[in-house]
Amino acid sequence: MALFIHAADLHLDSPLRGIEAYEGAPDIEDIRTATRQALSTLVDVALEEQVRLVVFAGDLYDGDWPDFSTGLFFSRQMQRLSASGIAVVIACGNHDAASKITKTLVMPDNVRILSSNKPETIQYQDFGVAVHGQSYKIAETTQNLAVNYPNPIPGMVNIGLLHCLISGSTGHQSYAPCTLDDLTAKGYDYWALGHVHDYKVMREDPLIVYSGCCQGRHIKETGPKGCVLVGMDGDGLTQAFLPLSTVLWMSLTVDIGEAETLDGVIDLFIQVLESELALSDGRLHCIRLTLNGRTPLHDRFILYPEEITANIRAAAGDVSKQQVWIEKVLIETGSPLDLETLAQSDTPQGELLRYMQELQSIDGLAIDLTALKSKLVGSRIDMPAMNDPRLLKGAKEILVSLLMNPGKGEPPT
């Protein structure tokens, strides 16, 4: 029997980042409304499964709304739940803390937002559930909130609702930090957690679960995103992940070492792409593609990366019927040349390689880019460190390519 849905980190109306508009790309509207569609699908699932409750573990929004449309959309979705008698409990997190939401909007009567002053318990006697939790008052909530949560209510299913970082987790700021033992000690049946954007079952007994975000927003949030459907059987609570996202972020790597022509590279890419799309359900894919392997085309790709990117994007659009966006193409191929042997040779190329090796051994390069960096402030362009080995590696490969192939200074026609 389905009992409740656990969701978090919707970040409603937050833009999906890293998508470049280009000729033939899918409808940008699909990207712009992806977080809204995820919430709408969640409500559809709640109605279909006839759950009694939906709990949100923080970060429904990205802070104050630019206008009321974001809040109004959320309120309309909650009204859909209200019409079917489904209760909603919300614990606000760092992005939608009380101090960050200054606009007010009356929510339907079925929605309860947990206090930010102290932990509280909301009881639903008609279906035997007690929800314990606390909202953030300020974004930078760094104290352990869980230790002060109320005791469980005997005879009821007890849910702990919390936006937090469990000790040992990485990749997120340490808000409301706690340990698995802290949560287990409370004696609750289920902990509905938010803040970490990947679905993770942290402990089976009791169930301590991160639902993950409802919709990935950039390339660091790859794979299916969604919510958790929690039910009851004779042995207690069960949980199952349900995908909600309409846009799927993905990283693909293709070894093109066997390819000797650009058409060969495209063929290898299409093979990998088609196998991935065969496993999907028609959702829009945003893909970061990495090309690797030792190939005679390496020089061409290093000198003219925009050529391979344009061809990859065109092929992806054709094969997928515009259901794939190529967010970026990373060239991590290598030259089939034996650069170590070449570096020992008495040739201009060998001399160049030896010089570049000397540069790589220097601890930092004395290049003053202060003026350039000041002009880039606020531009979203990050200057790499000048001792970043990738800079010298890239420069070395380009220079060796030009020396090995005189006349390649102009792009192919």
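No experiment lies behind these values; they were computed from the predicted model shown.
Between L277 and Q323, every side-chain heavy-atom pair lies at or beyond the 4.5 Å cut-off. At a threshold of 4.5 Å between non-hydrogen side-chain atoms, the residues R112 and M107 do not count as touching. Between I86 and V54, some side-chain heavy-atom pair lies under the 4.5 Å cut-off. Counting only heavy atoms from C-beta outward, the side chains of L10 and C213 never approach each other to under 4.5 Å. Side chains of T70 and Y61 form a contact here, defined as non-hydrogen atoms less than 4.5 Å apart. Using a 4.5 Å heavy-atom cutoff, the side chains of P119 and L145 are not in contact. Looking at V254 and V265, their side chains never come closer than 4.5 Å, going by heavy atoms from C-beta outward. By the 4.5 Å heavy-atom criterion applied to side chains, P206 and D189 are not counted as neighbours.
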side-chain contact (heavy atoms from CB on, under 4.5 Å) between D9 and Y210, worked out: CA-CA 10 Å; D9 300 288; Y210 281 109; over 6 Å; no

Worked check of ring pair (Phe, Tyr, Trp, His ring centres under 6.0 Å) between H197 and H218: CA-CA 11 Å; H197 286 196; H218 47 73; 7.7 Å; no

Test log, rule side-chain contact (heavy atoms from CB on, under 4.5 Å), inputs L161 and V89: CA-CA 9 Å; L161 190 57; V89 181; 3.9 Å; yes

Verdict with supporting geometry, F301 and Y304, side-chain contact (heavy atoms from CB on, under 4.5 Å): CA-CA 5 Å; F301 293 163; Y304 316 115; over 6 Å; no

side-chain contact (heavy atoms from CB on, under 4.5 Å) evaluation trace for V247 with C286: CA-CA 7 Å; V247 179; C286 296; 3.5 Å; yes

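For Y175 and H163, the ring centers sit 6.0 Å or farther from each other. Here the two rings, on H95 and H195, have centers that are 6.0 Å apart or farther. Ring centers of H6 and Y190: under 6.0 Å apart, within the cut-off.
Applying the side-chain hydrogen bond (donor to acceptor under 3.5 Å, both in side chains) test to residues at least two apart or on different chains, the pairs with a partner in residues 77-93 are D44-R80, Q77-R80. Sorted by first and then second residue, the side-chain hydrogen bond (donor to acceptor under 3.5 Å, both in side chains) pairs with a member in residues 149-160 read H132-N158; sequence neighbours excluded. Within the structure, salt bridge (charged side-chain N to carboxylate O under 4.0 Å, His left out) pairs that include any residue of residues 134-152 do not occur (at least two apart or interchain). Contacts classified as salt bridge (charged side-chain N to carboxylate O under 4.0 Å, His left out) and involving residues 46-58 (residues at least two apart or in different chains) are given here: R52-D126.
When every heavy atom of C214 is checked against every heavy atom of A38, the shortest pair comes out as O-CB, 3.8 Å. Listed here is the closest heavy atom pair of A192 and A57: O-CB, 3.6 Å. Heavy atoms only, all atoms of each residue included: S135 and L114 are closest at OG-O, 2.7 Å. The nearest pair of heavy atoms linking A316 to V324 is CB-CG1, 3.9 Å. Minimum heavy-atom separation, V88 to Y124: O-OH, 4.2 Å. Of all non-hydrogen atoms in T179 and S167, the two that sit nearest each other are CG2-CB, 4.0 Å.
Counting non-hydrogen atoms of neighbouring residues, nucleotides and ligands closer than 6.0 angstrom, the NZ atom of K118 reaches no more than 12 such neighbours. The environment of D109 atom CG is sparse: at most 12 non-hydrogen atoms of other residues, nucleotides or ligands sit within 6.0 angstrom. Within a 6.0 Å radius of CD in Q123, other residues, nucleotides and ligands contribute more than 12 heavy atoms.
Taken to the nearest 0.5 Å, the CG atom of L291 stands 9.5 Å off from the OG1 atom of T295. Rounding to the nearest 0.5 angstrom, the gap separating the CD atom in E276 from the CG atom in L252 is 5.0 Å. Distance check: L81 CG to L47 CG gives 6.0 Å after rounding to the nearest 0.5 Å. Interatomic distance, I287 CD1 to S251 OG, rounded to the nearest 0.5 Å: 9.0 Å. Remark: T246 OG1 to L284 CG distance equals 7.5 Å, nearest 0.5 Å. Note that CG of L330 and CG of N292 are 10.5 Å apart. Values are rounded to the nearest 0.5 Å.
Among the candidates E307, E306, E260, the single residue satisfying the salt bridge (charged side-chain N to carboxylate O under 4.0 Å, His left out) test with R300 is E307. With L3 as reference, V129 is the one residue of V129, I159, V51, L53 to meet the side-chain contact (heavy atoms from CB on, under 4.5 Å) rule. Remark: of the listed residues R283, Q215, E221, R283 is the sole one forming a side-chain contact (heavy atoms from CB on, under 4.5 Å) with L248. The side-chain contact (heavy atoms from CB on, under 4.5 Å) with S211 is formed by just one residue from the set L229, V228, L193; it is V228. Across I312, N311, V329, I308, a single residue satisfies side-chain contact (heavy atoms from CB on, under 4.5 Å) together with F269, and that is I312.
Partners of T261 by side chain to side chain contact (heavy atoms under 4.5 Å, CB included), not counting sequence neighbours, listed by chain and number: D263. Residues forming a side chain to side chain contact (heavy atoms under 4.5 Å, CB included) with F241 (at least two apart in sequence, or on another chain): Y199, P224, P243. Shown here are the side chain to side chain donor-acceptor pair (under 3.5 Å) partners of E274, two or more places apart in sequence or in another chain: there are none. For D62, the salt bridge (Lys or Arg N to Asp or Glu O under 4.0 Å) test picks out R217, with sequence neighbours left out. Every salt bridge (Lys or Arg N to Asp or Glu O under 4.0 Å) that D13 has, sequence neighbours left out, goes to R36. Scanning for salt bridge (Lys or Arg N to Asp or Glu O under 4.0 Å) contacts around D181 gives R203, with sequence neighbours left out. D235 is linked by a side chain to side chain contact (heavy atoms under 4.5 Å, CB included) to D233, counting only residues two or more places apart in sequence or in another chain. Partners of D267 by side chain to side chain contact (heavy atoms under 4.5 Å, CB included), not counting sequence neighbours: none found.
Side-chain contact check for T41 and Q37: at least one donor-acceptor pair (N or O, by modelled atom type) lies under 3.5 Å.
T141 contributes a side-chain N or O that, together with a main-chain N or O of I138, makes up a donor-acceptor pair within less than 3.5 Å.
Salt-bridge check for D198 with K225: passed, with a basic side-chain N closer than 4.0 Å to an acidic carboxylate O.
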